[in-house]
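To find a chain, count down the sequence lines: A is the first, B the second, and so on, and within it residues start at 1. Any value given below was found using the heavy atoms of this structure, including those in side chains, with hydrogens, waters and symmetry copies removed.
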Number of protein chains: 2
Amino acid sequence: MPVTLEDIAEVSGYSRSTVSRVINGEPGVSHRARQKITDVVEQLNYHPNQAARGLAAGQMNNIGLIIPETVSFIFNDPYFQFLSLGVSQTSNEQDFSVMLWLSDPDLERKSINKFLNNGLVDGFIIASMLMGDPIIEALKSTPRPFVLVGRQPALPDASVVDCDNVQGAYAATQHLLKTGRKRIATITGSEGMQSGINRIEGYQKALQDWGLTVNHALIAKGDYTEGSGYFGMFQLLPEKPDAVFIASDNMAHGAYRALKEVGIRVPDDIAIVGFDDIPSADQMTPSLTTMRQPIRKMGNLAAEILINKINYPDTDSQRIILNPELVVRQSCGSSALAGSITLR
Amino acid sequence: MPVTLEDIAEVSGYSRSTVSRVINGEPGVSHRARQKITDVVEQLNYHPNQAARGLAAGQMNNIGLIIPETVSFIFNDPYFQFLSLGVSQTSNEQDFSVMLWLSDPDLERKSINKFLNNGLVDGFIIASMLMGDPIIEALKSTPRPFVLVGRQPALPDASVVDCDNVQGAYAATQHLLKTGRKRIATITGSEGMQSGINRIEGYQKALQDWGLTVNHALIAKGDYTEGSGYFGMFQLLPEKPDAVFIASDNMAHGAYRALKEVGIRVPDDIAIVGFDDIPSADQMTPSLTTMRQPIRKMGNLAAEILINKINYPDTDSQRIILNPELVVRQSCGSSALAGSITLR
DNA sequence: CTGAAAGCGCTTACAG
DNA sequence: CTGAAAGCGCTTACAG
């Protein structure tokens, strides 16, 4: 019972072909016809049926946003949200809709293939996944274009939007070195994720370039969760570090919690730099110095690249690597703002 | 070039009708035919085209998840994420996909109508919105079913999944009363949202039932943001409350921040109860006593009700109101766990 | 500039 | 139990 193209044709007195042209803003229609049809469309509140349109045109104007389970659980930070916002925003601007696929542990295998092949979606954006995620295999056999957010060694030729995690970790560590810290520890991100590995790499590189050797006792393994930041800090404490580069703000929360319990002061006794710049970073006490990762912008770019690839299939795959930005606050002890804040 | 029904028909030697029946698990097909067709489907890795299916059947098996802009920005808490997870989970179980619509300030009006009427989506779930949101008007004229997460006075007959905010605020406040607190203040949620209003109501009701009169100097207006919790607490301090019911955990973070700055101890000097039970509530120092709102479950239920309504349009609209649950931790001073934790 | 017709990949009575 | 045929609401050559 919704209004169809045919209804518009009938009421306006033009053929379906002409109506279709007007709807799609194609040239080669008389002003008179365009006017009349536009009026009728307005008047009858007509909205084209996207399923029919997609079937006929062979393109649905839908983007699939794939969020692997692991990611959505680990990042209880606004990662997911900001990414969705970015993807959604750009997609809407270009008249695309977005379909969401959050992986379910059990159905994963079956369900992802269905999502990739049900013809509803013209291309995909995949939020950073674990290395070895079964989704990778499914992706390898899709004929449809996709863009990864966060690079994936198993898919070296894919289009990617990422931030330069090596450079970011390098800059964070170097900032600590420049402010005079000597024993710089780190709590790492998940070893199962590319970003985790890259952030360790940047940390080590910065130390080496500064002429220091990497001390493995100063490296605590984390997995991006708050809890791993908490335990990681306790693991490091006996080594008496005077600074810690923590591979995510979320873990920094945990580390703060540990430091409070033992009464160690930030930044006086120990300087902290995080990674991500989640909203709460600014409200921690002391406020957290961190590397800002432009997640929303990464979502925008991923959508842009993907839609371009959908519209022009011959486009080469693209890799866009953004630089994270150092946001200096109080926790590193180098800010003008930095008073001497004691944690308890 | 993807495999079609016709391909399966040809290879298997049966007609499209029979193949269609097998695909859809309909009865009245010989075992022999079913077997053969299933094999071919498997072998050719066939996935039905959902657009074609939807067009023919008049149902797309898609759910639209609408997240108003305001909500996605205010709740930088995992609200959005957990809700999506719940909706997504239940939808997938029932063979539905979910389309995401995050409102964009500019395009809102135009874009929402398109989303509601493009024929891609059989029904909608709307995450709690502001009162007076333009989406409400659009919703009033949809022929398609929808379910609200969070009730909406302007849509009194709609299906709703909500938690009982009045009861929750009541229980939170009463808990403080029972533990002996006398001057109980509150920092309210957004006045523009039903939940905000209901939580004030529950707070007031609890005081009255306890024989106390409501003192407006003990009510600070918040809007669910961390910052409003921070300023709200400063506003309350001169009134010397011995307890505060804070209408969201996010605001409780802000309130903690304020209390640290002035050196007031929780729970010794002041008891705090929050609302939501976001993941970080457990990791605050002291850990936050709060009312747990089962957001993910609300997402599950919303999807369940909606899909049922899509499949059986004659179903009456349903209202499911869940009870939030008191989670006692340290900040209220009544837990066995509660040591005497001093904030600084 | 406009229209008649075929076709996108399915489902669904209808006949047998 | 199986198949031929119409139809879902569009787009897109093709002809004029």
Side-chain angles (χ1 to χ4, degrees), chain A residues 1-38 40-41 44-62 95 97 114 117-122 143 311, chain B residues 1-38 40-41 44-62 95 97 114 117-122 143 311:
Chain A
M1 311 115 291
V3 182
T4 70
L5 229 204
E6 190 122 19
D7 296 331
I8 305 296
E10 200 168 327
V11 175
S12 68
Y14 286 91
S15 72
R16 296 190 301 182
S17 310
T18 302
V19 173
S20 175
R21 284 181 199 110
V22 171
I23 301 290
N24 292 297
E26 284 168 25
V29 179
S30 68
H31 181 69
R32 195 188 153 77
R34 194 177 298 277
Q35 189 62 54
K36 177 68 182 165
I37 291 170
T38 309
V40 176
V41 163
L44 269 56
N45 191 28
Y46 168 68
H47 294 272
N49 180 308
Q50 293 298 329
R53 211 211 273 249
L55 228 207
Q59 181 175 318
M60 293 297 294
N61 275 29
N62 283 165
D95 240 351
S97 298
K114 216 167 92 185
N117 293 302
N118 66 7
L120 237 38
V121 184
D122 304 315
N311 290 332
Chain B
M1 311 115 288
V3 183
T4 69
L5 228 205
E6 190 122 20
D7 296 331
I8 305 295
E10 200 168 327
V11 176
S12 67
Y14 286 90
S15 72
R16 297 190 300 182
S17 309
T18 302
V19 173
S20 176
R21 285 181 198 108
V22 171
I23 301 289
N24 293 297
E26 284 167 26
V29 178
S30 68
H31 181 70
R32 193 188 155 75
R34 194 177 297 278
Q35 189 63 52
K36 176 67 182 167
I37 290 170
T38 309
V40 176
V41 163
L44 269 55
N45 190 29
Y46 168 67
H47 294 271
N49 179 309
Q50 293 298 329
R53 212 210 274 249
L55 188 56
Q59 181 174 317
M60 292 297 295
N61 275 30
N62 283 163
D95 241 350
S97 298
K114 215 167 91 185
N117 293 303
N118 67 7
L120 237 38
V121 185
D122 304 314
N311 290 332

Student: Whole Å only: how far is the CG atom of L5(A) from the P atom of dG7(C)?
Tutor: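 Taking CG of L5(A) and P of dG7(C), I get 19 Å after rounding.
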Student: Walk me through whether Y46(A) and D7(A) qualify under side chain to side chain contact (heavy atoms under 4.5 Å, CB included).
Tutor: CA-CA 9 Å; Y46(A) 168 68; D7(A) 296 331; over 6 Å; no
Student: With side chains defined as the heavy atoms from C-beta onward, is the minimum distance between N118(A) and R53(B) less than 4.5 Å?
Tutor: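 No; the side chains remain at least 4.5 Å from each other.
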Student: Side chain of S20(B) only, heavy atoms from C-beta on: which candidate in dT11(C), dC8(C), dT12(D) is closest?
Tutor: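 Of dT11(C), dC8(C), dT12(D), dT11(C) is nearest to the side chain of S20(B).
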Student: Counting only side-chain heavy atoms from C-beta out, which of dT11(D), dC8(C), dC10(C) sits nearest to P48(B)?
Tutor: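 Output: dC10(C).
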Student: Defining pairs by Watson-Crick or G-U wobble geometry with both distances under 3.5 Å, how would you list the stems of DNA chain C with at least three pairs each?
Tutor: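 Stems for DNA chain C, defined as runs of 3 or more consecutive pairs: C:1-3 with D:14-16, C:5-12 with D:5-12, C:14-16 with D:1-3.
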Student: Is atom CD of E10(A) surrounded by more than 12 heavy atoms (other residues, nucleotides or ligands) closer than 6.0 Å?
Tutor: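 Result for CD/E10(A): open.
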Student: Does dT2(D) have its OP1 or OP2 closer than 4.0 Å to a side-chain nitrogen or oxygen of S15(B)?
Tutor: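 Answer no for this pair, as no side-chain N or O of S15(B) is under 4.0 Å from OP1 or OP2.
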Student: Do M60(A) and L120(B) pass the side chain to side chain contact (heavy atoms under 4.5 Å, CB included) test, and can you show the C-alpha distance, the side-chain angles, and the key distance before you say yes or no?
Tutor: CA-CA 10 Å; M60(A) 293 297 294; L120(B) 237 38; 3.9 Å; yes
Student: For S12(A) and I37(A), work out which heavy atoms get closest and say how close.
Tutor: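 So the two residues come closest at OG-CG1, 3.9 Å.
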Student: Compare the minimum distances between each of dG7(D), dT12(C), dG9(D) and the side chain of N49(A), then state the nucleotide with the smallest one.
Tutor: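 The answer is dG9(D), which lies nearest to the side chain.
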Student: When we call it a touch if two heavy atoms are under 4.0 Å apart, what does A51(B) touch: a base, just sugar-phosphate, or nothing?
Tutor: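 Answer is nothing: A51(B) stays at 4.0 Å or more from every strand.
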Student: Let me know, please, whether Y14(A) or R53(B) comes out on the 5' side of the other along DNA chain C by nearest nucleotide.
Tutor: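 It is Y14(A) whose nearest nucleotide is closer to the 5' end.
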Student: Mind calculating the distance between CG (N118(B)) and P (dG9(D)) to the nearest angstrom?
Tutor: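 The answer, rounded to whole Å, is 14 Å.
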Student: Quick one: R16(B) CZ to dC1(D) P, roughly how many Å, whole number?
Tutor: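 The answer, rounded to whole Å, is 22 Å.
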Student: With a 4.5 Å limit on heavy-atom distance, are the side chains of N49(A) and T4(A) in contact?
Tutor: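 Result no, sub-4.5 Å side-chain heavy-atom pair not found.
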Student: Rounded to whole angstrom units, what separation is found between the CG atom of D7(B) and the C1' atom of dC10(C)?
Tutor: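 Value for this atom pair: 13 Å.
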Student: Contact list please: residues 21-32 of chain B against DNA chain C, heavy atoms, distance less than 4.0 Å, in numerical order.
Tutor: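 Listed by number, they are R21(B), N24(B).
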Student: How many whole angstroms separate atom CD of Q50(A) from atom C1' of dC8(D)?
Tutor: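 Roughly 15 Å, once rounded to whole Å.
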Student: Is there side-chain contact between Q35(A) and R32(A), with heavy atoms separated by less than 4.5 Å?
Tutor: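 Side-chain contact under 4.5 Å: no.
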Student: Under 4.0 Å, counting only non-hydrogen atoms across every strand here, what does S17(B) touch: a base, just sugar-phosphate, or nothing?
Tutor: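 Base, at least one base heavy atom under 4.0 Å.
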Student: Out of T18(B), N24(B), V22(B), which residue meets the side-chain contact (heavy atoms from CB on, under 4.5 Å) rule with S20(B)?
Tutor: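 Filter result, single survivor: N24(B).
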Student: What is the distance, rounded to the nearest whole Å, between atom CD of E6(A) and atom C1' of dA5(C)?
Tutor: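 In whole Å, dA5(C) C1' and E6(A) CD are 13 Å from each other.
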Student: Expressed in angstrom and rounded to an integer, what is the separation of L120(B) atom CG from dC10(D) atom P?
Tutor: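 Result: 12 Å.
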Student: Any side-chain N or O of T18(A) less than 4.0 Å from the OP1 or OP2 oxygen of dG3(C)?
Tutor: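 Checking T18(A) against dG3(C): at least one side-chain N or O falls below 4.0 Å of OP1 or OP2.
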Student: Would L44(B) and I8(B) count as a side chain to side chain contact (heavy atoms under 4.5 Å, CB included) here? Give the steps.
Tutor: CA-CA 8 Å; L44(B) 269 55; I8(B) 305 295; 4.1 Å; yes
Student: What integer distance in Å separates N61(B):CG from dG9(C):P?
Tutor: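 Rounded to whole Å, this separation is 20 Å.
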Student: Decide yes or no on side chain to side chain contact (heavy atoms under 4.5 Å, CB included) for N311(A) and Q59(A), but give the supporting numbers first.
Tutor: CA-CA 9 Å; N311(A) 290 332; Q59(A) 181 175 318; 3.3 Å; yes
